Amino acid sequence: MIPAKFEYRRAGSVDEAIGWLREDPDDAKLLAGGHSLLPLMKLRLATPGVLVDVGRIDGLSYVRDAGDHVAIGALTRHRDLETSEVARAHAPLLARVAAQIGDPQVRHRGTIGGSLAHGDPASDLPAAALAYGATFVAQGPNGTRQIPADEFFLGFLETALQPDEMLTEIRVPKSGGASAFQKFNRRAQDWAIVGVAAVLDGTPRVALVNMGPTPVRARAVEEALASGASAVDAAAHAADGLEPPSDVHASSEYRRHLATVLVRRALEEASAARG
Amino acid sequence: MKVTVTVNGRAETHDVETRTLLVYFLREACGLTGTNVGCDTTSCGACTVLLNGESVKSCTVLAAQADGQEVTTIEGLAKPDGTFHPVQQAFHEHHALQCGYCTPGMVMAITSLLKEHPNPTEAEVREGLEGNLCRCTGYHNIVKAALAAAGSTELVS
Ligand SMILES: Cc1cc2nc3c(=O)[nH]c(=O)nc-3n(C[C@H](O)[C@H](O)[C@H](O)COP(=O)(O)OP(=O)(O)OC[C@H]3O[C@@H](n4cnc5c(N)ncnc54)[C@H](O)[C@@H]3O)c2cc1C
Ligand code: FES
Ligand code: FES
């Protein structure tokens, strides 16, 4: 399987990449690790005319302690997030989630920016970003703007990014260890049939993988927790208001049930971690 | 476009289409057919090579992305005099292959894994190989070979 023809340009800077996106807003696409985009291009589900490779732009791969938050460069690869001491200390859920993405080969290539910008409800990092209440920094022709994770995922594979914007940094409020990630799949390397990211430091936040067209917060669970419900009682609301997809891996009904089980496990694990 | 990749220590420059995948650059432009294509969909790991020392699935990397970088394939592991790399030697001793189709990818994945975990447990080896499928299901001896190559003293029954 070979992608359709395209023009390849390697960007040396964010400004250069944005300039090229601007020239061709309908036909140009950014390429980071390529581990979501290239599979789609091989299946001809994506046929961009111009690929703007941002993978070599210097200075966008880092995980830094930035005082009240952890700052992560958009080109940081899953493997580097998984092994980052700063992430492990101050945003441990992200490091743990990164470690469970795909397989080592995928983690050597895929980036956090690509994972978020792709907006796939089946991806793991978007749920972790929602559970942490992260903020995304996007750069466009008129400078940078900050987008809260809660306002980022708009539809299936659709985000708040404009066609001429590039995600440059992810900011995650520093957090303790009271968090958990539950991912259920049948085979090694697979995507989650359902996944749950829960953070209990401060106001409880719970987000779900593969439970609808976008990565989504489990609001009903959060509200139940806020009003003092137990993990078991709160978890019963995991699928409230959600319509997860049916596919070869599981029916919608199965996912709704699985979500309640995994949310309970995640809440129990996170509160045990809090001690 | 002109792409130059240092493959097994040698500069390989070829004029290829921008959409050329790294695995086809290696197999067709460089004539290095040791790297296999199994699934072509990033699932099986047969096409695993090292890109700047790390395992990647070369069916999901553009040759253009590897331009100016270093790639190691199965052909680049043994010494010039033919002495096997420790992972190859361990595969030989532990009969870690049946049909051999997955073997180049397995060997490269294990080489990368052992760099990151010089002394892995059996569980770490099994997890580290989750991106490599063996259609002959010979996993047990593959894991044994990986542990032997690591010099791990852990007993594998
Ligand atoms: C076999 C396999 C298994 C996988 N398993 C999992 C899994 O279990 N869990 C999981 O979460 N993911 C999984 N993935 C996906 C993987 O995590 C991808 O790496 C990730 O989703 C995309 O990151 P990338 O850097 O490869 O992005 P690319 O593929 O390069 O880009 C993806 C999209 O984002 C855009 N983009 C990229 N970077 C930016 C940026 N900085 N700003 C704006 N737009 C940008 C691109 O234009 C494109 O539309 C798997 C992938 C494979 C191939
Ligand atoms: S051929 Fe590349 S992963 Fe199967
Ligand atoms: S030995 Fe036949 S596929 Fe592994």
Side-chain angles (χ1 to χ4, degrees), chain A residues 1-12 30-57 61 75 77-80 82-83 99-111 114 183 185-191, chain B residues 1-3 16-24 28 37 39-69 105-106 108-117 120 123-133 139:
Chain A
M1 288 189 308
I2 311 288
K5 288 189 182 181
F6 54 82
E7 188 188 324
Y8 172 88
R9 298 186 195 160
R10 186 178 303 137
L30 298 181
L31 176 74
H35 269 48
S36 287
L37 186 52
L38 291 175
L40 288 180
M41 289 174 62
K42 287 167 73 175
L43 294 168
R44 311 265 171 131
L45 294 172
T47 52
V50 180
L51 263 196
V52 177
D53 186 353
V54 294
R56 304 265 188 102
I57 296 178
S61 174
L75 291 179
R77 295 173 310 158
H78 305 327
R79 167 76 189 164
D80 296 326
E82 170 188 347
T83 53
Q100 291 188 42
I101 294 175
D103 54 48
Q105 289 96 319
V106 170
R107 299 197 289 275
H108 286 148
R109 294 298 296 165
T111 67
K183 176 175 182 173
N185 54 17
R186 288 190 204 283
R187 298 174 306 192
Q189 186 211 61
D190 263 357
W191 301 70
Chain B
M1 70 181 287
K2 246 198 185 86
V3 171
V16 295
E17 278 193 88
T18 54
R19 58 180 172 165
T20 305
L21 299 164
L22 179 59
V23 69
Y24 295 111
E28 289 168 11
V37 179
C39 64
D40 217 353
T41 58
T42 338
S43 306
C44 74
C47 65
T48 301
V49 301
L50 306 185
L51 178 55
N52 298 328
E54 291 176 327
S55 58
V56 302
K57 293 177 173 177
S58 60
C59 71
T60 311
V61 177
L62 296 173
Q65 289 176 291
D67 183 38
Q69 315 283 302
M106 286 284 182
M108 301 318 286
I110 291 168
T111 304
S112 177
L113 177 74
L114 294 182
K115 255 195 219 167
E116 289 168 3
H117 299 271
E124 281 170 336
V125 169
R126 287 185 184 274
E127 268 185 25
L129 291 178
E130 68 181 309
N132 291 75
L133 303 179
Y139 297 106

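Everything quoted here is computed from the prediction, not taken from an experiment. Just so we're on the same page: letters track the sequence lines, and every chain starts at 1.
- Residue contact with chain B, scored on non-hydrogen atoms closer than 4.5 Å, involves the side chain of A/L31 exclusively.
- Of the inter-residue distances, the one linking B/M1 atom CE with A/E7 atom CD reads 10.5 Å to the nearest 0.5 angstrom.
- Scanning residues 108-117 of chain B against chain A with a 4.5 Å non-hydrogen threshold yields B/A109, B/S112, B/E116, sorted by number.
- Neither the backbone nor the side chain of A/R187 comes within contact range of chain B; no heavy atoms are under 4.5 Å apart.
- Between A/L37 atom CG and B/L62 atom CG the span is 9.0 Å, to the nearest 0.5 Å.
- Listed for the B/T18 side chain is a donor-acceptor partner under 3.5 Å among the backbone atoms of A/F6.
- Only the side chain of B/E17 comes within contact range of chain A, with at least one heavy atom under 4.5 Å from a heavy atom of that chain.
- Once rounded to the nearest 0.5 Å, the distance linking OG1 of B/T48 with CD of A/Q105 reads 4.0 Å.
- Ranked by heavy-atom pairs shorter than 4.5 Å toward chain A, the options B/V56, B/L133, B/D40, B/L129 are led by B/D40.
- When every heavy atom of A/P104 is checked against every heavy atom of B/G128, the shortest pair comes out as CG-O, 3.3 Å.
- Contacts from residues 40-47 of chain A to chain B, taken as heavy-atom pairs separated by less than 4.5 Å, involve A/K42, A/R44 in sequence order.
- Although no hydrogens or angles enter the test, the distance criterion places a donor-acceptor pair under 3.5 Å between the side chain of A/R10 and the main chain of B/A64.
- A distance of 9.0 Å separates CD in A/Q189 from SG in B/C44, rounded to the nearest 0.5 Å.
- Interface remark: A/R77 contributes side-chain atoms only to the contact with chain B (heavy atom separation under 4.5 Å).
- With a 4.5 angstrom heavy-atom cutoff, B/T42 touches chain A via backbone and side-chain atoms both.
- Contact tally against chain A (heavy-atom pairs below 4.5 Å) for B/T20, B/V37, B/T41, B/V61: the top residue is B/V61.
- The CD atom of A/Q100 sits 9.0 Å away from atom CD of B/E130, with the distance rounded to the nearest 0.5 Å.
- For the atom pair A/L38 CG and B/K57 NZ, the distance stands at 14.0 Å (nearest 0.5 Å).
- Taking each heavy atom of A/I2 and B/R19 in turn, the nearest pair found is CG2-CD, 3.8 Å.
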